[in-house]
Amino acid sequence: MHTQAIKTRTFLEGENLLPFITSYIEKIPEKSVIVITSKIVALAERRTVIIKDSKTKEEAIRAESSFALKTKYVWLTIKDGMILPSAGIDESNANGKLILLPKDSFRSASLIRMKLQKYYRVKNLGIILTDSRTMPLRSGVVGIALGYAGFRGLRDYRGKPDIYGRKLKFSSTDVADSLATAAVLLMGEGDEKQPLALIQDVPVEFCERVNRNELHIDIEDDMFKPLFQKMLRR
């Protein structure tokens, strides 16, 4: 697998995303995945909020999330079935505005894929829209796939044998978030201006339709449920 981050100019709010991508990625081989930071997708969709006063961000966070709990550093929120800080709302590189997440990241990924399939004349193409998230008890951020299209996001090992022939009962690999993390590592978090990445020779199963719920675990079935008891009581 080969991953390459792509340096670009600053993407402008309301700009057309397709010509922006194709101006920096001239051609791609079959079985590639294009990774796009969710920030420029949100900007293309004009998903921004003007900061009016000190309450603007809190109001936006509550509106954008299904659960919001203020913590020492950030708001801990649940957004689209994922735990994210502050509902993914970003103030960095936002020119005085708040940048929300795309309205529907899976739908956006699918639409972008269809347009780029036609432009590049390829059949097997994956798209990932990324953001960054923290993990409990770990410092720093990793990438997360907010939405994706063109490949299966979960590799299921259940029922398959391990090296000693014992059948696996629970094991599966989160393919989508693993690829997102690999790309975000290269794309950076600061002033790198690398909102795009191209992954080639990707070990995924390409497909036409994805199950947007394949990575979702209901909180009642999550192994970390004991840590969420306080949230469940609220």
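Computation of the quantities below employed the complete heavy-atom set of this structure, encompassing side-chain atoms and omitting hydrogens, waters and symmetry-equivalent molecules. Throughout, residue positions are numbered sequentially from 1 according to the sequence presented. Note that the structure is a prediction, hence the values are computed from the model and not measured.
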**Study point:** Check: Leu12 and Leu43 side chains under 4.5 Å, non-hydrogen atoms
**Key:** no
**Study point:** Non-hydrogen side-chain atoms of Leu17 and Phe11 separated by less than 4.5 Å
**Key:** yes
**Study point:** Atom pair CG/OG of Leu129 and Ser105 - distance to nearest 0.5 Å
**Key:** 5.5 Å
**Study point:** Pro102 versus Ser108, closest heavy-atom pair with distance
**Key:** CB-OG, 4.3 Å
Check your understanding: From Glu91 CD over to Leu98 CG, what is the distance, rounded to the nearest 0.5 angstrom?
Key -> 5.5 Å
Practice item. Using a 4.5 Å cut-off on heavy atoms from C-beta on, say whether the side chain of Ile128 contacts that of Phe151. Key: yes
Review point. Nearest 0.5 Å, what's the OG1-CG distance between Thr10 and Asp191?
Key: 10.5 Å
Exercise for review: Could you tell me the separation between the CZ atom of Arg155 and the CG atom of Asp174, rounded to the nearest 0.5 Å?
Suggested key: 11.0 Å
Review point. Side chains of Met187 and Glu192: does their closest heavy-atom pair fall under 4.5 Å?
Key: no
Review point. For the hydrophobic clusters of this structure (ILVMFWY residues joined by side-chain heavy atoms under 4.5 Å, transitively), does one cluster hold both Leu196 and Tyr120?
Key: yes
Practice item. Please answer: with hydrophobic residues joined when any side-chain heavy atoms are less than 4.5 Å apart, are Leu186 and Val141 in the same cluster? Key: no
Check your understanding: Ile36 and Leu101: same hydrophobic cluster, using ILVMFWY side-chain contacts below 4.5 Å?
Key -> no
**Study point:** Sidechain-backbone polar pair: Glu214 side chain, Gly153 backbone, donor-acceptor under 3.5 Å
**Key:** yes
Review point. Are the side chain of Asp177 and the backbone N or O of Ala145 linked by a donor-acceptor pair below 3.5 Å?
Key: yes
Check your understanding: Judged by atom type as modelled, is there a donor-acceptor pair below 3.5 Å linking the side chain of Gln200 to the main-chain atoms of His2?
Key -> no
Exercise for review: Can you establish whether the number of heavy atoms outside Arg9 located under 6.0 Å from its atom CZ is more than 12?
Suggested key: yes
Point to revise | Same cluster (ILVMFWY, side-chain, under 4.5 Å), Tyr119 and Tyr24 | key: yes
Review point. Any donor-acceptor pair under 3.5 Å linking the side chain of Ser38 with the backbone of Thr130?
Key: yes
Practice item. Report yes if the side chains of Glu58 and Trp75 come closer than 4.5 Å at any heavy-atom pair, otherwise no. Key: yes
**Study point:** Whether over 12 other heavy atoms sit under 6.0 Å from Lys103 NZ
**Key:** no
Check your understanding: Any donor-acceptor pair under 3.5 Å linking the side chain of Thr77 with the backbone of Leu84?
Key -> yes
Exercise for review: Please lay out, stage by stage, how Tyr148 and Val204 fare under the test side-chain contact (heavy atoms from CB on, under 4.5 Å).
Suggested key: CA-CA 12 Å; Tyr148 54 90; Val204 301; over 6 Å; no
Check your understanding: Closest heavy-atom contact between Ser86 and Val74?
Key -> OG-CB, 3.8 Å
Check your understanding: Looking only at heavy atoms, what is the nearest atom pair of Leu198 and Ser32, with distance?
Key -> CD1-CB, 4.0 Å
**Study point:** Non-hydrogen side-chain atoms of Lys27 and Arg121 separated by less than 4.5 Å
**Key:** no
**Study point:** Residues Glu64, Lys57: salt bridge by 4.0 Å N-O rule
**Key:** no
Practice item. Report yes or no: do Val175 and Phe206 belong to one cluster of Ile/Leu/Val/Met/Phe/Trp/Tyr joined by side chain heavy-atom distances under 4.5 Å? Key: yes
Check your understanding: Any side-chain heavy atom of Leu179 within less than 4.5 Å of one from Met1?
Key -> yes
Practice item. Determine, for Asp104 against Arg212, whether the closest basic-nitrogen to carboxylate-oxygen distance falls under 4.0 angstrom. Key: yes
Review point. Could you state the interatomic distance from CG (Leu125) to CE (Met114), rounded to the nearest 0.5 Å?
Key: 12.0 Å
Practice item. Kindly determine whether Gln194 and Ile6 satisfy side-chain contact (heavy atoms from CB on, under 4.5 Å), including the steps that lead there. Key: CA-CA 5 Å; Gln194 296 180 148; Ile6 298 168; over 6 Å; no
Check your understanding: Under 3.5 Å, side chain of Thr181 to main-chain N/O of Ser178, donor-acceptor pair present?
Key -> no
Review point. Rounded to the nearest 0.5 Å, what separation is found between the CZ atom of Arg46 and the CD atom of Glu15?
Key: 10.5 Å
Exercise for review: Considering non-hydrogen atoms only, spot the tightest contact between Ile61 and Ala68 and give its length.
Suggested key: CG2-CB, 4.4 Å
Check your understanding: So do Ile112 and Val41 actually touch side chain to side chain, heavy atoms under 4.5 Å?
Key -> yes
**Study point:** Audit row: Leu116, Thr22, side-chain contact (heavy atoms from CB on, under 4.5 Å) steps and yes/no
**Key:** CA-CA 8 Å; Leu116 293 181; Thr22 56; 4.0 Å; yes
Review point. So, for Gly143 and Val184, which heavy atoms are closest and what is the spacing to 0.1 Å?
Key: CA-CG2, 3.8 Å
Point to revise | CA sep, side-chain torsions, deciding dist, call: Glu13, Ile99, side-chain contact (heavy atoms from CB on, under 4.5 Å) | key: CA-CA 10 Å; Glu13 183 175 356; Ile99 302 179; over 6 Å; no
Check your understanding: Taking Thr3 for the side chain and Ala183 for the main chain, is one N or O donor matched with an acceptor at less than 3.5 Å?
Key -> no
Exercise for review: Kindly give the heavy-atom pair with the smallest separation between Asn16 and Leu18, and that separation in Å.
Suggested key: OD1-N, 3.1 Å
Check your understanding: Is atom NZ of Lys31 surrounded by more than 12 heavy atoms (other residues, nucleotides or ligands) closer than 6.0 Å?
Key -> no
